[in-house]
**Q** 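Okay, handing you the structure first.
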Amino acid sequence: QVHLVESGGGLVQAGGSLRLSCAASGRTFSRYNMGWFRQAPGKEREFVAAITWNGGIIYYTDSVKGRFTISRDNAKNTMYLQMNGLKSEDTAVYYCAAQTDYSRTVSTLGSRYDYWGQGTQVTVSS
């Protein structure tokens, strides 16, 4: 069983920054590919960023490239999403997710992730 807990969301003005954290349980966190997804009101879940277990491969959706940075600290069992230059369209509930199948390559598809956090709300005001 993998438990994921997001934190760091909140209300921020456009152009501001937030740093989201995802704390994961278990000693095998360091072997999991991880991802960030978001879901805005009335919209489907959207891929944001993903990172392999060792940080060797990173993917971003085009809309956040250059503004967001995904990272992880395996010693702390924690993944981060640094969000700079926030825009109103970034408003969403942000979820972290873990891919526990070691044989799978890191994916942008939510269906490839096995465990999800409860989400943290990010609201960007204009």
Side-chain angles (χ1 to χ4, degrees):
Q1 192 81 285
V2 178
H3 299 278
L4 305 173
V5 180
E6 303 96 333
S7 62
L11 176 65
V12 65
Q13 286 187 289
S17 298
L18 286 173
R19 185 179 180 86
L20 305 184
S21 298
C22 174
S25 66
R27 297 176 64 190
T28 54
F29 169 80
S30 62
R31 300 299 300 177
Y32 299 160
N33 298 329
M34 300 289 295
W36 286 100
F37 295 78
R38 66 187 181 186
Q39 188 165 22
K43 297 184 178 180
E44 64 183 359
R45 184 180 61 198
E46 176 189 22
F47 167 77
V48 178
I51 185 168
T52 53
W53 68 273
N54 62 352
I57 301 174
I58 292 174
Y59 295 138
Y60 297 102
T61 191
D62 286 344
S63 64
V64 309
K65 196 172 298 182
R67 299 188 297 120
F68 291 9
T69 302
I70 188 172
S71 62
R72 65 192 298 163
D73 186 340
N74 287 347
K76 297 181 178 179
N77 280 13
T78 304
M79 177 179 65
Y80 305 96
L81 186 68
Q82 178 67 47
M83 305 186 295
N84 298 327
L86 284 162
K87 305 175 181 179
S88 60
E89 50 263 45
D90 295 317
T91 295
V93 177
Y94 284 71
Y95 300 91
C96 68
Q99 183 182 351
T100 60
D101 186 346
Y102 301 158
S103 68
R104 301 292 297 183
T105 56
V106 65
S107 179
T108 62
L109 302 176
S111 61
R112 294 299 181 205
Y113 291 81
D114 305 297
Y115 294 94
W116 296 79
Q118 83 290 342
T120 186
Q121 176 71 49
V122 172
T123 303
V124 184
S125 61
S126 301

**Q** Is there a continuous path of hydrophobic side-chain contacts, each under 4.5 Å between heavy atoms, that joins Tyr95 to Trp36?
**A**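 Not linked; separate clusters.
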
**Q** Test: side-chain hydrogen bond (donor to acceptor under 3.5 Å, both in side chains). Region: residues 5-19. Which pairs qualify, not counting sequence neighbours?
**A**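 Every pair satisfying side-chain hydrogen bond (donor to acceptor under 3.5 Å, both in side chains) with a residue in residues 5-19: Glu6-Gln118, Ser17-Asn84, Arg19-Gln82.
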
**Q** What about Leu81 and Phe47, same hydrophobic cluster or not, with Ile/Leu/Val/Met/Phe/Trp/Tyr joined at side-chain heavy-atom distances under 4.5 Å?
**A**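 Leu81 does not cluster with Phe47.
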
**Q** Are Val2 and Thr100 packed together at the side-chain level, in the sense that at least one heavy-atom pair is separated by less than 4.5 angstrom?
**A**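 Val2 vs Thr100: side chains touch.
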
**Q** Tell me whether Arg72 forms a cation-pi arrangement with Tyr32, defined as NZ or CZ under 6.0 Å from the six-membered ring centre and within 45 degrees of its axis.
**A**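 The answer is no; the distance or angle limit is not met.
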
**Q** Please find the pair of heavy atoms, one from Ala50 and one from Val106, that lie closest to each other, and give the distance.
**A**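 Taking Ala50 first and Val106 second, the nearest heavy atoms are CB-CG2, 3.7 Å.
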
**Q** Backbone N or O of Ile70 within a donor-acceptor pair of the Tyr60 side chain at under 3.5 Å?
**A**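 Indeed, once roles are kept as given, a pair shorter than 3.5 Å links the two residues.
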
**Q** How long is the gap from CG on Leu11 to CD on Gln121, to the nearest 0.5 Å?
**A**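 The CG atom of Leu11 sits 9.5 Å away from the CD atom of Gln121.
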
**Q** Kindly work out whether a path of hydrophobic side-chain contacts (I/L/V/M/F/W/Y, heavy atoms less than 4.5 Å apart) joins Tyr80 to Leu20.
**A**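 Different clusters.
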
**Q** Is there a donor-acceptor pair under 3.5 Å between the side chain of Tyr113 and the backbone N or O of Ser107?
**A**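 Here the side-chain-to-backbone pair exists.
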
**Q** Give the ring-plane orientation class for Phe37 versus Trp116, where under 30° counts as parallel, over 60° as perpendicular and anything between as tilted.
**A**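 Tilted: the ring planes of Phe37 and Trp116 meet at 30° to 60°.
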
**Q** With a 6.0 Å cut-off (strictly less than), is the heavy-atom count around CD of Glu44, excluding the residue itself, greater than 12?
**A**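 No, not enclosed.
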
**Q** Once rounded to the nearest 0.5 Å, what's the spacing between atom CG of Asp90 and atom OG of Ser63?
**A**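 Reported to 0.5 Å precision, the distance equals 7.0 Å.
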
**Q** For the residue pair Arg45 and Gly110, what are the closest heavy atoms and their distance?
**A**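 Heavy atoms only, the tightest pair is NH2-CA, 3.7 Å.
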
**Q** What are the two closest non-hydrogen atoms of Ser88 and Ser126, and how far apart are they?
**A**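 Smallest interatomic distance, heavy atoms only, reads CB-OG, 3.7 Å.
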
**Q** Please round to the nearest 0.5 Å and tell me the distance separating atom OG of Ser111 and atom CD of Gln99.
**A**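 Ser111 OG to Gln99 CD: 9.5 Å, rounded to 0.5 Å.
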
**Q** Between atom CG of Leu4 and atom OG1 of Thr78, what is the distance when rounded to the nearest 0.5 Å?
**A**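 The OG1 atom of Thr78 is 10.5 Å from CG of Leu4, to the nearest 0.5 Å.
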
**Q** Kindly assign one of parallel, tilted or perpendicular to the pair Phe68 and Tyr94, based on the angle between their ring planes and the thresholds 30° and 60°.
**A**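 Aromatic pair Phe68/Tyr94 classed tilted.
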
**Q** Answer yes or no: is there a side-chain heavy-atom contact under 4.5 Å between Ile51 and Met79?
**A**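 Yes, their side chains come closer than 4.5 Å.
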
**Q** Salt bridge (Lys or Arg N to Asp or Glu O under 4.0 Å) with Lys65: which residues, sequence neighbours excluded?
**A**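 Here the qualifying residues are Asp62.
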
**Q** Are Leu109 and Ile57 co-members of a hydrophobic cluster defined by side-chain heavy atoms under 4.5 Å apart?
**A**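 No, Ile57 and Leu109 fall in different hydrophobic clusters.
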
**Q** Just wondering, more than 12 heavy atoms not from Tyr59 lying within 6.0 Å of its OH?
**A**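 Incorrect, the count does not exceed 12.
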
**Q** Nearest 0.5 angstrom please: Thr91 OG1 to Arg38 CZ, how far?
**A**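 So the OG1 of Thr91 and the CZ of Arg38 are separated by 9.0 Å.
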
**Q** Rounded to the nearest 0.5 Å, what separates atom CZ in Phe29 from atom CH2 in Trp53?
**A**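 Result: 12.0 Å between the selected atoms.
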
